[in-house]
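In what follows, chains carry the letters A, B, and so on, assigned in the order in which the sequence lines appear, proteins first and then strands, with residues in each chain numbered from 1. This is a predicted model, so every value here is computed, not measured.
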There are 2 protein chains.
Amino acid sequence: MNCKACQNSASCIIALFNKNEQENAMKYMTNYKYKKGKAIFYEGLDSESFLTIKKGIVKLVRNESNNCQILRFAKAGDPIGYRSLITHDVHSTSAIPLTDTTVCSFPKNVFLDELNYNIALTDKMLQLVANDLKHTDALLVHLTHKTAIKRIAKALLNIADIFGLNEETKMLNTSFSRYDISCIASVSTESCIRMLSELKSKGIIDLINRSIKIIDKKQLELISSSE
Amino acid sequence: MNCKACQNSASCIIALFNKNEQENAMKYMTNYKYKKGKAIFYEGLDSESFLTIKKGIVKLVRNESNNCQILRFAKAGDPIGYRSLITHDVHSTSAIPLTDTTVCSFPKNVFLDELNYNIALTDKMLQLVANDLKHTDALLVHLTHKTAIKRIAKALLNIADIFGLNEETKMLNTSFSRYDISCIASVSTESCIRMLSELKSKGIIDLINRSIKIIDKKQLELISSSE
DNA sequence: AAGATAATATGATATAAATCATATTGTAAA
DNA sequence: TTTACAATATGATTTATATCATATTATCTT
């Protein structure tokens, strides 16, 4: 329960707090555990805390017209839900764990007070948000102007990039349901399954039980980026 | 050519600079004029300056697979191209004037040096980027999960919101080509035209010569937000 | 004022992808 | 180890929207 002993401390944003405030933050820090699928926060609800992921994998999603869209992921060491704190706004996404997840929670004012005068922290947040924006801009254009097969190819590459690919087996380290992949790629689940079958039939991926093997990453890149 | 005399000075980001640096910034400021349609910067190119719009309207677009996507707009008083400066990155969008435009340009280091130690400036940029992210998140979900007519309805509302609606005539203050509207809504130009005709036939808008009259804004909102 | 040109409009057709239907398989629980 | 259920798979059909084709109109030029 102490930040100093935490394995994420090297990359943790709390490390940017001024010494005294760091101690203070630790004092007010609470850990929460969430089962896979159990929301950490919902879009539209008030943002009450500054949260970082201690352990686990989380998808940040929005629901629209009975559809789900995954906007980004977060994993151990990543903060989540900070955009709404910064603009004093409600959450614009829901955070749903893909695995059992532990979260470090700090009262929002501990964060906001520090943000007021700690330029290293403010700059770090600026970098984070600017990177999110860069990715969302790119994602938006990709999803709106590329065909389903290209979106699925990119979804697989993203999963491999973020969560890793087993060097030996070439299997995705984290297993995603077809439904989750369809929510990354903005495609119906059935279409997603069809696209995966198509990629399999071309020898680019393999579907083993319910997990995915990336046989030909180059080819996936070619497909996802082709005009 | 002096910031003090500028009509945008009240909202201009340069006003957040420390006194000395403000004087310095003004010294290095250059105005550039761009004709309608002539790019201010292109996606993929290095970001060399901190830019604000003195006069005019600019679309921030990305080209993908021979298609154009408008991600946001900027008008007098707005900075543009700052995301890439912040992450020391190439521009991720192109900036194309929709009207003849004048830009204030500051060497990037004048901006970045100040950003290093001016927390008011850093915080302002954080607010700007966080707002951009909020809008892009929402746009992404809207474009990927709503039908064309809903996207067109929203595009019209956005134009009205950002550039205003003449109180008396209910005409959009800024005239956009059907092509530009199609690039906001991620729809083909022909489909855009059909959707506008449909909205006209329902008495929600009117098409007078080449400009658009918003007759029933409520209805547009209903359409754009319906499931 | 007439003509040229680009923008707008509309019809016909093609196509990608959603939806609906049903079958099969993997996994977890009894 | 069998059963049950959810996840995956695949086929048939529908639908939205892009594309292609052509016509009409507005605006600008001379």
Rounded to whole angstrom units, what separation is found between the CD1 atom of Ile152(A) and the C1' atom of dA18(C)? 13 Å
Regarding Thr189(A), tell me which of base, sugar-phosphate or nothing describes its non-hydrogen contacts under 4.0 Å with the strands shown. nothing
Within this structure, what is the CG-to-P distance between Asp180(B) and dA7(C), rounded to whole angstrom? 10 Å
Categorize Ser177(B) for me: base, sugar-phosphate, or nothing, with a 4.0 angstrom heavy-atom threshold over every strand shown. sugar-phosphate
With no hydrogens and no angle check, just 3.5 Å: does a side-chain donor-acceptor pair link Gln69(A) and His145(B)? yes
Walk along DNA chain D from 5' to 3' and tell me the first and last nucleotide with an atom closer than 4.0 Å to a non-hydrogen atom of chain A. dA6(D) to dA12(D)
Would you list the pairs meeting salt bridge (charged side-chain N to carboxylate O under 4.0 Å, His left out) in which at least one residue belongs to residues 128-145 of chain B, sequence neighbours left out? Arg72(A)-Asp137(B), Asp89(A)-Lys134(B)
Is there a side-chain contact between Glu43(B) and Val90(B), using heavy atoms and a 4.5 Å cut-off? no
Would you say the ring centroid of Phe176(B) lies under 6.0 angstrom from that of Phe73(B)? yes
If I take atom CZ in residue Arg178(A) and atom C1' in nucleotide dT27(C), what distance separates them, rounded to the nearest angstrom? 14 Å
Within 6.0 angstrom of Asp161(B) CG, more than 12 heavy atoms from elsewhere: yes
What is the separation between atom CD on Glu64(A) and atom P on dA18(C), rounded to the nearest whole Å? 16 Å
Could you tell me whether the side chains of Ser92(A) and Arg62(A) share a donor-acceptor contact shorter than 3.5 Å? no
In whole angstrom, give the distance that lies between atom CD of Glu190(B) and atom C1' of dA6(C). 15 Å
Heavy-atom nearest nucleotide on DNA chain C for Ser186(A) versus Ser197(B): which residue maps closer to 5'? Ser197(B)
Option passing salt bridge (Lys or Arg N to Asp or Glu O under 4.0 Å) with Glu198(A) (candidates Arg194(A), Lys200(A), Lys202(A)): Lys202(A)
Separation of dT8(C) atom C1' from Met195(B) atom CE, nearest Å, is 15 Å
Quick one: does Arg178(B)'s side chain get under 4.5 Å of Ile212(B)'s, heavy atoms only? yes
Residue-level proximity of residues 204-212 of chain A to DNA chain C when a heavy atom falls under 4.0 Å: Asn209(A), Arg210(A)
Under a plain distance cut-off of 3.5 Å, with no hydrogens placed, do His91(B) and Ser84(B) share a side-chain donor-acceptor pair? yes
When rounded to whole Å, the CZ to C1' distance for the pair Arg194(B) and dA12(C) reads 9 Å
d(CG, Asn66(A); P, dA18(C)) in whole Å: 15 Å
